[in-house]
Amino acid sequence: MVTQKNLSIAHAWFEAFNSHNLEKLLSLYDEEAEHFSPKLKLRHPETNGLVTGKNALREWWSESFNRLPSLKYKVTSLTANSDRVFMEYLRLVDNEESMMVAEVLEIKEGVIVASRVYHS
């Protein structure tokens, strides 16, 4: 049952991200959620790739959606258990090569408490 709920959260995550619906995306996260991303580290080295809280997530994704209006993710694999979802997807942006990405969502009590992005 929890595994299916976590998969539902992942599907809602992709739907919100791909429609660039920032408030819907943020509604899936805990107020103090942490997010790590190599892209974040490149664009904002002072963060060392890690931001905490919905306000920081709002700033990061708002900047990303504004900078890359064609940004979309295409799911290739989802694997869930009782406290996390492992997601693999293609990062698609017009005029850029697609990139394979892996991301882990840690979920507690029906909200994402941490997310970690991995890619080359």
Side-chain angles (χ1 to χ4, degrees):
M1 190 75 170
V2 174
T3 300
Q4 287 303 315
K5 173 73 173 156
N6 289 348
L7 282 174
S8 295
I9 290 169
H11 286 290
W13 189 94
F14 280 105
E15 181 181 320
F17 195 95
N18 284 336
S19 64
H20 294 195
N21 186 333
L22 189 53
E23 293 310 312
K24 186 174 180 182
L25 184 60
L26 289 168
S27 75
L28 302 171
Y29 282 80
D30 182 77
E31 287 296 326
E32 297 302 317
E34 293 184 339
H35 177 70
F36 174 82
S37 169
K39 291 280 187 192
L40 181 59
K41 187 174 183 176
L42 284 173
R43 297 206 50 88
H44 298 281
E46 71 281 3
T47 67
N48 205 28
L50 180 68
V51 293
T52 301
K54 281 189 179 183
N55 287 336
L57 289 169
R58 180 180 282 107
E59 288 177 26
W60 170 239
W61 285 321
S62 180
E63 175 189 322
S64 297
F65 293 156
N66 288 330
R67 191 178 75 255
L68 302 167
S70 67
L71 176 63
K72 301 277 189 247
Y73 294 154
K74 181 180 178 184
V75 179
T76 59
S77 178
L78 295 175
T79 305
N81 64 23
S82 62
D83 60 357
R84 66 182 42 95
V85 179
F86 182 81
M87 310 185 306
E88 292 180 303
Y89 53 87
L90 284 174
R91 178 185 181 272
L92 305 170
V93 176
D94 290 348
N95 302 313
E96 289 186 18
E97 276 192 53
S98 61
M99 176 189 299
M100 183 58 89
V101 179
E103 184 162 353
V104 177
L105 304 178
E106 289 185 33
I107 301 170
K108 288 191 170 88
E109 298 179 13
V111 292
I112 301 166
V113 296
S115 51
R116 292 182 309 278
V117 177
Y118 303 92
H119 55 73
S120 55

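Throughout, residue positions are numbered sequentially from 1 according to the sequence presented.
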Discussion item. For the backbone of Leu92 and the side chain of Lys72, can you confirm whether one donor and one acceptor N or O come within less than 3.5 Å of each other?
Written reply: no

Worksheet item: Just how far is it from atom CD of Glu46 to atom NZ of Lys41, taken to the nearest 0.5 Å?
Response: 12.0 Å

Discussion item. Same cluster or not: Val101 versus Leu90, using hydrophobic residues (I, L, V, M, F, W, Y) connected whenever any side-chain heavy atoms lie under 4.5 Å apart?
Written reply: no

Discussion item. Would you say CD of Glu109 has more than 12 non-hydrogen atoms from neighbouring residues, nucleotides or ligands within 6.0 angstrom?
Written reply: no

Discussion item. A side-chain contact here means heavy atoms from C-beta on lying under 4.5 Å apart; do Glu32 and Thr52 qualify?
Written reply: yes

Practice prompt. Check whether Trp13 and Leu7 end up in the same hydrophobic cluster, where Ile, Leu, Val, Met, Phe, Trp and Tyr are linked by side-chain heavy atoms less than 4.5 Å apart.
Written response: yes

Worksheet item: So how far is it from Leu26 CG to Ser62 OG, rounded to the nearest 0.5 Å?
Response: 9.5 Å

Practice prompt. Mark yes or no for whether Asn6, through its side chain, and Ser82, through its backbone, hold a donor-acceptor pair below 3.5 Å.
Written response: yes

Discussion item. With rounding to the nearest 0.5 angstrom, report the NE2 to CG distance, His44 to Leu50.
Written reply: 13.5 Å

Discussion item. According to ring pair (Phe, Tyr, Trp, His ring centres under 6.0 Å), does anything in residues 97-120 pair up with another residue at least two apart or in another chain? List the pairs.
Written reply: none

Worksheet entry | Ionic contact status for Arg116 with Glu34, cut-off 4.0 Å | no

Worksheet, complete the sentence: For residues 12-30, the salt bridge (charged side-chain N to carboxylate O under 4.0 Å, His left out) pairs (sequence neighbours left out) are Glu15-Lys24, Glu23-Arg58

Worksheet entry | Contact list for residues 88-110, test ring pair (Phe, Tyr, Trp, His ring centres under 6.0 Å), sequence neighbours left out | Phe14-Tyr89, Tyr73-Tyr89

Worksheet item: Got a second to check how far Leu68's CG is from Asp94's CG, nearest 0.5 Å?
Response: 10.0 Å

Worksheet, complete the sentence: One should read off an interatomic distance between Ile107 CD1 and Ile9 CD1, to the nearest 0.5 angstrom, of 4.0 Å

Practice prompt. Run the ring-centre check on Tyr29 versus Trp60 and record whether the distance is less than 6.0 Å.
Written response: no

Item to complete: Using atom types as modelled and distance alone, determine if a side-chain donor or acceptor of Ser115 lies under 3.5 Å from a backbone N or O of His35.
Response: no

Worksheet item: Between Phe17 and His20, how do the two ring planes meet: parallel, tilted or perpendicular, split at 30° and 60°?
Response: perpendicular

Worksheet entry | Value rounded to 0.5 Å, distance of OG1 in Thr79 from CD in Glu88 | 7.0 Å

Practice prompt. Would you kindly confirm whether Trp61 and Met99 end up in one hydrophobic cluster when ILVMFWY residues are joined by side chain heavy atoms under 4.5 Å apart?
Written response: yes

